[in-house]
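Written out below as structure tokens is the structure these notes cover.
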Protein chains: 2
Amino acid sequence: MARGCRREQNLCHGRFKEYGYRLTMSRQAILDVLSKTKDHLSAEEIYHEVHKVYPSSGMSTVYRTLELLVDLGIVHKFHFGDGRSRYEIDRGEEHNDHHHHHLVCTKCQRVINYTDFIDDEIELLRRTEKGLSKKYNFKIVKHILQFYGLCERCKEKQ
Amino acid sequence: MARGCRREQNLCHGRFKEYGYRLTMSRQAILDVLSKTKDHLSAEEIYHEVHKVYPSSGMSTVYRTLELLVDLGIVHKFHFGDGRSRYEIDRGEEHNDHHHHHLVCTKCQRVINYTDFIDDEIELLRRTEKGLSKKYNFKIVKHILQFYGLCERCKEKQ
DNA sequence: ACTGTTAATGGGAATGGTTCCCATTAACAG
DNA sequence: CTGTTAATGGGAACCATTCCCATTAACAGT
């Protein structure tokens with residue numbers, strides 16, 4: 001198990017126990033893959049990575065586990081417009097410097113995590129959330145902010 | 001053809017001609033459906049609406065036309081997490097009071113368009129866009145901001 | 001208005017991501 | 001170590017979307 005993941009691992013293991021879920025090989029492997037990358041992996045990519053370590057695992061388990069992790073708030077699920085879901089582990093949004101949003105190239109599907117301007121953003125989003133909660137009597141759980149456009153490379157090719 | 005849609009219709013017709021596309025019955029019907037609603041219709045819902053007016057139309061035409069409209073910037077495509085794409089006609093984003101974002105209930109899939117706090121948002125997003133464009137050499141075309149949570153009704157049922 | 005060119009259509013088949021089903025396996029409490 | 005049962009894996013099913021191709025209709029030129 002990767003060293004850098006200890007914190008997340010322990011956190012997740014704790015949360016698993018807490019909710020009465022079993023910590024299986026597959027689940028550990030999936031968590032491990034997600035902990036090690038800053039990318040936005042698709043279910044299939046996760047499946048392939050997991051396979052390298054634990055070759056008997058199946059696709060349905062990957063999907064089931066991801067759904068569980070999303071429900072537990074351990075993982076976030078995104079759509080960037082290429083028809084498949086993408087997954088990213090939660091690294092403690094809002095409370096440290098890992099909070100980020102996405103910049104998506106509509107041509108090559110490249111996704112950049114950016115953390116610039118995040119402080120102003122968080123401030124505004126928090127205000128907006130508060131206002132919206134009140135006005136529409138909504139319990140807001142999360143937000144998604146994505147910018148779409150053409151990346152450096154694709155911009156030039158046009 | 002609905003009265004209230006004249007402006008959008010003319011705009012779109014103009015843009016169609018301009019690009020050398022034919023203005024067919026199906027395309028008119030689809031534009032008409034999208035012009036008349038403030039909802040976020042799925043392809044199937046649009047197909048059903050179009051069918052009422054023009055029963056010989058087919059599903060592939062709906063998808064093809066929607067793709068074209070999205071490419072022309074006449075229609076926006078969204079994902080709210082229920083596995084199907086949703087479409088909304090452009091009513092002149094940024095330049096008038098129609099700019100809005102979405103509030104999505106993760107339980108019942110209800111989507112609320114909100115326009116509150118939009119001025120501050122637009123201001124911040126514009127600044128962020130400018131900064132990101134520069135830093136990452138990205139040509140930003142659009143952004144998506146969505147809040148997810150539980151709506152009034154679903155909140156209580158829990 | 002008529003006609004020819006060809007963009008656009010419609011229907012069904014194919015695709016591909018995701019979910020479902022169920023017999024088998026393995027986590028973990030006692 | 002053992003029994004209970006949650007979790008798994010593999011394949012079939014599902015469903016939104018895309019593809020294919022013979023047919024139709026938009027519209028430019030006459």
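When ring centroids are compared, A/His40 and A/Phe78 stay outside the 6.0 Å threshold. Note: A/His143 and A/His99 meet the aromatic proximity criterion, with ring centroids under 6.0 Å apart.
Going from atom NE2 of A/His51 over to atom P of D/dG9 covers 8 Å, rounded to whole Å. Rounding to whole angstrom units, CD1 of residue A/Ile46 and P of C/dT18 are separated by 10 Å. The separation between B/Tyr63 atom OH and D/dA16 atom P is 7 Å, rounded to whole Å. Rounded to whole Å, the distance from CG on A/Asp82 to C1' on C/dG17 is 11 Å. The distance from atom CD of B/Gln28 to atom C1' of D/dA25 is 13 Å, rounded to the nearest whole Å. With rounding to whole Å, A/Leu41 atom CG is found 15 Å from C/dG17 atom P. Computed from coordinates, the A/Lys77 NZ to C/dG17 C1' distance equals 11 Å when rounded to whole Å. A/His79 has its NE2 atom 14 Å from the P atom of C/dG17, to the nearest Å.
For C/dC21, neither phosphate oxygen OP1 nor OP2 lies less than 4.0 angstrom from any side-chain nitrogen or oxygen of A/Ser60. Phosphate proximity of C/dA8 to B/Arg27: present, with a side-chain N or O under 4.0 Å from OP1 or OP2. Put simply, A/Thr24 has no side-chain N or O that comes within less than 4.0 Å of OP1 or OP2 on C/dA27. Residue A/Ser56 places at least one side-chain N or O under 4.0 Å from the OP1 or OP2 atom of D/dG9. A/Ser26 has a side-chain polar atom (N or O) that falls below the 4.0 Å cut-off from OP1 or OP2 of D/dG9.
For B/Thr61 (side chain) and B/Ser57 (main-chain N/O), no donor-acceptor pair under 3.5 Å exists by modelled atom type.
Where B/Ser42 and A/Leu68 meet DNA chain D, the nucleotide closest to each residue was compared, and A/Leu68 sits on the side nearer the 5' end. Map A/Glu67 and B/Thr61 each onto its nearest nucleotide of DNA chain C; the residue landing nearer the 5' end is B/Thr61.
A tilted orientation is assigned to the rings of A/His51 and A/Tyr47, their planes being inclined by 30° to 60°.
How far CG of B/Leu31 is from CD1 of B/Ile74: 6.5 Å, rounded to the nearest 0.5 Å.
Partner assigned to C/dG16 is D/dC15, using Watson-Crick or G-U wobble distances below 3.5 angstrom. Base-pair partner of D/dT24: C/dA7 (Watson-Crick or G-U wobble, both distances under 3.5 Å).
The listed nucleotides are D/dT8, D/dA16, C/dG10; the one nearest the side chain of A/Thr65 is D/dT8. With D/dG9, D/dA7, C/dG10 as the choices, the nucleotide that has an atom nearest any side-chain atom of B/Tyr54 turns out to be C/dG10. When the nucleotides C/dA27, C/dG17, D/dA26 are ranked by their closest atom to the side chain of B/Arg22, D/dA26 comes out on top. Nearest to the side chain of A/Ser57, among D/dG9, D/dT18, C/dA27, sits D/dG9.
A cation-pi arrangement is present between B/Lys142 and A/Tyr148 under the rule of less than 6.0 angstrom and at most 45 degrees off the ring axis.
When heavy atoms are screened at a 4.0 angstrom cut-off, A/Met59 is found touching no nucleic acid atom at all. At a threshold of 4.0 angstrom between heavy atoms, the contacts of B/Gly83 are confined to the sugar-phosphate backbone, with no base atom among them.
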